[in-house]
Structure formats: C-alpha cells, structure tokens
*Asks:* 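Take this structure, written in structure tokens, and hold onto it; I'll ask about it next.
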Number of protein chains: 2
Amino acid sequence: MAGERLNPYGHDPLYVQLAAVLRQRIKSGEYGHLDPLPSEDRLKDEFGISRDTVRRAMEVLRKENLVFTVPHRGTFVGPRPDEPPTD
Amino acid sequence: MAGERLNPYGHDPLYVQLAAVLRQRIKSGEYGHLDPLPSEDRLKDEFGISRDTVRRAMEVLRKENLVFTVPHRGTFVGPRPDEPPTD
DNA sequence: CTGTATTTGTTCGTATGTATT
DNA sequence: AAATACATACGAACAAATACA
C-alpha cells in the first residue's frame, strides 16, 4: 500500500512521522536494498508536506545509516557503500 | 518590447510576475499561436532569474492552457493540440 | 553513422523569509 | 527563544530525447 497519511495534529512532528513511515517501508522490504527512495518532490506530493519536511525526515534516516544520499542522484536504501580505491 | 524586468522586492513572487509577463506577450500576439516560447535557459538569462523560477511560471501557464510543453522540444503557445490517432 | 547542440526532465544542496507552536 | 513547517529562490549536475550537420 501507499496510502499512509501523516497526522498534523499528532504527537510527533511531521518529519518524525514521515521518517517512521519510510523506516517501516525499508524494514518491510517495500524499498529494497540499494533501491532509490522516491524523490523529495514525490514524497512531498505524496504526503502533502513541504520539501523541507521531507529533507528533515531523510536526515533522520541518514543518521541511522538506513539510507545514503548521492547528490543529484537520489537517496538509496542501505548504508553508504565503501568508496572504491581512487587508484 | 522585450525589456520587462521583474521586481525582486515586489508583492508577488517572481514566478507569478514572470507568468504575468509571458501571459501578456501571448495575449498581445507577440508570441503567436504555436510559436515556441523562449527556452527556459533563455528566459532565465533574459530575466536574470533561475531556471527553477522559469519552470514554475511555465507550470502556471500550462495550468491555464495558455501553453503546452513538448519534452525536449519546447513550450508552445496555445492549448495542447489533439493527438493524432495512434493507428 | 557519428558526433554536437539544444531543450526539457529530474534530483539534491542551500539559503532566506514568514508563520506557528 | 527554539523547534517545526511552508514557500520561494538560486545553484549544480546529469539524463534523455530531438534535431541537425
């Protein structure tokens, strides 16, 4: 399903709620390892919140090493892979 | 004329102002039916704004059916023409 | 067929201002 | 004051389709 909604009157801030939804989707396998998460714009539309709030949620997940972000590419499921040797 | 300027301190957001300028150019006939609008890059240079802002303005005009956009071709004056039959 | 240029599409990074709680 | 939230705006990078020489 894709119909979760956030509760603007809820106990937790929206970005915490969104992080929880995304965390659950990752744990459940709905978003698989190295899959890209929906873009910030898509999530903002899906949940009817601002991009700013989406970014805060992403930040939470990044700090948990559940996702990593590649600039201009997207945010992906999993810990950030090791860099290949430069040489 | 082609020298309109947007007012960064104005009451309306820049993308609303730009949409108004382009709307006027269409209504006046400066941009004729099925003419391509200047590209996003040209408009961004002409008005000294970001492409992001240009795209927001385009979105406004698209919603008004004043223009339609063909990916990788441009944005054209008028409502989107009917598709020819696929067959 | 092979590049090159043009143009829109997509995505994240960042900053500022305002309002609300 | 601090945290949360939204809107606006600019920047940067690259993808992909199209057109043309």
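Sequence lines set the chain letters: A, B, ... in the order given, protein chains first and strands last, and positions in each chain run from 1. Below, all heavy atoms of this structure are taken into account, side chains as well, without hydrogens, waters or symmetry copies.
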*Asks:* Quick check: closest heavy atoms across A/Ala57 and A/Ala19, and the distance to 0.1 Å?
*Replies:* CB-N, 3.8 Å
*Asks:* Work out how much the helix from C/dT2-D/dA21 to C/dT21-D/dA2 bends between its end axes, five pairs an end, to the nearest 10 degrees.
*Replies:* 0°
*Asks:* Listing request: all side chain to side chain donor-acceptor pair (under 3.5 Å) pairs with a residue in residues 13-23 of chain B, at least two apart in sequence or in separate chains.
*Replies:* B/Arg23-B/Glu64
*Asks:* Please give me every residue in residues 52-76 of chain B whose heavy atoms get under 4.0 Å of an atom in DNA chain D, ordered by residue number.
*Replies:*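 Only B/Asp52, B/Thr53, B/Arg56, B/His72, B/Arg73 qualify.
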*Asks:* What parts of residues 14-21 of chain B reach DNA chain D, counting only heavy atoms under 4.0 Å away?
*Replies:*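 Nucleic-acid contacts, sorted: B/Leu14, B/Tyr15.
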*Asks:* Is there a residue in residues 34-41 of chain A whose heavy atoms reach under 4.0 Å of DNA chain C, and which residues are they?
*Replies:* A/Ser39, A/Glu40
*Asks:* Any pair with a residue in residues 34-45 of chain B that passes side chain to side chain donor-acceptor pair (under 3.5 Å), sequence neighbours left out, goes on the list, sorted by first then second residue, please.
*Replies:*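 For residues 34-45 of chain B, and leaving out neighbouring residues, the side chain to side chain donor-acceptor pair (under 3.5 Å) pairs sorted by first residue read B/Glu40-B/Arg51, B/Glu40-B/Arg55.
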*Asks:* Would you check if A/Val16 and A/Val60 make a side-chain contact, meaning some heavy-atom pair closer than 4.5 Å?
*Replies:* no
*Asks:* If you round to the nearest 0.5 Å, how far is OG1 of A/Thr75 from CD of A/Glu59?
*Replies:* 11.5 Å
*Asks:* Show every salt bridge (charged side-chain N to carboxylate O under 4.0 Å, His left out) that has at least one partner inside residues 5-18 of chain A, sequence neighbours left out.
*Replies:* none
*Asks:* Under a criterion of less than 4.0 angstrom to any heavy atom of chain B, what are the 5'-terminal and 3'-terminal contacting nucleotides of DNA chain C?
*Replies:*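 Range of nucleotides within reach of chain B: C/dT7 to C/dT10.
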*Asks:* Side chains of B/Val67 and B/Leu22: closer than 4.5 Å at any heavy-atom pair?
*Replies:* no
*Asks:* My understanding is that only residues two or more places apart in sequence, or in another chain, count here; which of them pass side chain to side chain contact (heavy atoms under 4.5 Å, CB included) with B/Asn65?
*Replies:*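 Expected list: none.
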*Asks:* A/Tyr31: what forms a side chain to side chain donor-acceptor pair (under 3.5 Å) with it, not counting sequence neighbours?
*Replies:*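 A/Tyr31 satisfies side chain to side chain donor-acceptor pair (under 3.5 Å) with A/Arg25 once adjacent residues are dropped.
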*Asks:* With a 4.5 Å limit on heavy-atom distance, are the side chains of A/Thr53 and A/Phe47 in contact?
*Replies:*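 A side-chain contact is absent here, since even the closest heavy-atom pair is not under 4.5 Å.
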*Asks:* Side-chain contact, heavy-atom cut-off 4.5 Å: B/Leu66 with B/Lys27?
*Replies:*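 Heavy-atom side-chain distance check passes, below 4.5 Å.
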*Asks:* Looking at residues at least two apart in the chain, or sitting in another chain, which of them share a ring-ring contact (aromatic ring centres under 6.0 Å, His included) with A/Phe76?
*Replies:*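 Applying ring-ring contact (aromatic ring centres under 6.0 Å, His included) to A/Phe76 gives A/Phe68.
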*Asks:* Return the CE to CG distance between A/Met58 and A/Leu37, rounded to the nearest 0.5 Å.
*Replies:* 5.0 Å
*Asks:* Closest approach of B/Leu43 and B/Pro38, non-hydrogen atoms and distance?
*Replies:*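 What the structure gives for the nearest pair is CD1-O, 3.5 Å.
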*Asks:* Just to verify, what does A/Arg62 make a side chain to side chain donor-acceptor pair (under 3.5 Å) with, not counting sequence neighbours?
*Replies:* A/Thr69
